[in-house]
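Keep in mind that what you see is a predicted model, and the values were worked out from it rather than measured. Remember, it's 1-based here, ligands and their atoms both numbered in the order they're listed.
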Amino acid sequence: MNINIINKSNFKLPKYETEGAAGLDLQANIIEPIVLEPLDRALIPTGLFISIPLGYEGQIRGRSGLALKHGITLANGIGTIDSDYRGEIKIILINLGKETYTINPGDRIAQIVFLKYEKVELKIVSELDETYRDDGGFGHSGY
Ligand SMILES: O=c1ccn([C@H]2C[C@H](O)[C@@H](COP(=O)(O)OP(=O)(O)OP(=O)(O)O)O2)c(=O)[nH]1
Ligand SMILES: [Mg+2]
């Protein structure tokens with residue numbers, strides 16, 4: 001699938017690092033390093049602008065190495081890039097680690113995965129169909 005992209009960053013286009021990689025790594029398009037103290041968060045620009053075909057979304061996901069080694073993750077869990085968004089893709093990083101972490105220009109800070117989604121029609125009913133689980137959840141089946 002083709003995605004139209006405008007690259008206003010100081011870097012080359014993101015690429016899949018391996019043949020089977022699901023995500024394209026996104027680089028911090030910053031001039032100066034950004035220092036994140038524990039629990040600080042920052043909106044990091046990528047310099048990338050895309051036009052996703054209708055019916056698809058872009059998911060911004062964290063990088064496991066950054067999360068494991070430094071506690072650097074996304075403040076919004078998974079970011080959603082809507083197909084009609086034409087602004088700059090930005091990454092909301094948070095430092096959940098115990099140490100100060102510095103983001104340097106060009107660091108690969110997150111990844112984007114493109115997915116199909118379903119658009120639904122919500123239909124009001126008075127009762128839902130029965131299931132064995134019923135309203136059990138949140139660990140009710142044990143750990
Ligand atoms: O990590 C993210 C999340 C979102 N966006 C951009 C693309 C997305 O299409 C738009 C809106 O995102 P979202 O719907 O998650 O934010 P909102 O708080 O609901 O804002 P809005 O009212 O603009 O939809 O912001 C990013 O660049 N990075
Ligand atoms: Mg929204």
Side-chain angles (χ1 to χ4, degrees), residues 1-129 131 133-141 143:
M1 182 176 78
N2 292 328
I3 300 268
N4 291 335
I5 184 163
I6 295 175
N7 183 5
K8 295 188 184 175
S9 80
N10 302 318
F11 309 106
K12 290 182 185 152
L13 279 184
K15 63 174 179 24
Y16 294 100
E17 295 290 334
T18 63
E19 194 195 348
L24 293 163
D25 284 344
L26 299 172
Q27 291 175 276
N29 190 46
I30 51 180
I31 306 294
E32 299 288 331
I34 294 178
V35 176
L36 287 180
E37 300 296 339
L39 293 184
D40 271 1
R41 52 185 191 273
L43 188 60
I44 317 280
T46 65
L48 301 176
F49 300 71
I50 59 177
S51 173
I52 303 175
L54 191 63
Y56 291 81
E57 59 152 338
Q59 287 194 357
I60 306 293
R61 303 185 189 169
R63 296 190 64 211
S64 61
L66 281 180
L68 179 64
K69 290 181 206 147
H70 306 289
I72 297 294
T73 181
L74 305 183
N76 51 343
I78 292 178
T80 304
I81 309 298
D82 298 292
S83 67
D84 54 0
Y85 180 68
R86 297 292 174 270
E88 180 176 7
I89 296 175
K90 295 184 181 178
I91 314 295
I92 313 166
L93 288 187
I94 185 165
N95 180 2
L96 298 180
K98 292 179 182 163
E99 314 286 340
T100 301
Y101 187 79
T102 302
I103 297 151
N104 289 301
D107 280 359
R108 289 180 291 138
I109 50 170
Q111 58 189 313
I112 185 167
V113 177
F114 295 96
L115 296 166
K116 261 186 188 162
Y117 65 86
E118 292 289 334
K119 223 169 156 179
V120 304
E121 300 242 340
L122 295 176
K123 191 175 145 201
I124 292 180
V125 295
S126 54
E127 281 182 63
L128 301 176
D129 57 310
T131 69
R133 172 183 286 277
D134 197 21
D135 63 356
F138 315 101
H140 93 297
S141 63
Y143 292 99

Open item on the list: Does L13 have more than 12 heavy atoms from other residues, nucleotides or ligands lying within 6.0 Å of its CG?
Closed with: yes
Open item on the list: Check this for me: I6, atom CD1, are more than 12 non-hydrogen atoms of other residues, nucleotides or ligands nearer than 6.0 Å?
Closed with: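 Result for CD1/I6: open.
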- [ ] Could you name the protein residues that come within less than 4.0 Å of ligand 1, counting only heavy atoms, and order them by chain and residue number?
- [x]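 Residue list for ligand 1: N76, G79, T80, I81, D82, Y85, E88, I89, K90.
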TODO: Mind checking side chain to side chain contact (heavy atoms under 4.5 Å, CB included) for A75 and listing every partner two or more places apart, or none if nothing turns up?
DONE: R41, I92, I94
Open item on the list: Can you pull out every salt bridge (Lys or Arg N to Asp or Glu O under 4.0 Å) where at least one residue sits in residues 76-104? Sequence neighbours excluded, please.
Closed with: none
- [ ] Not counting sequence neighbours, which residues clear ring-ring contact (aromatic ring centres under 6.0 Å, His included) with Y101? List them please.
- [x] H70
Open item on the list: The test is side chain to side chain contact (heavy atoms under 4.5 Å, CB included); show your working for F49 and I5 and say whether it passes.
Closed with: CA-CA 6 Å; F49 300 71; I5 184 163; over 6 Å; no
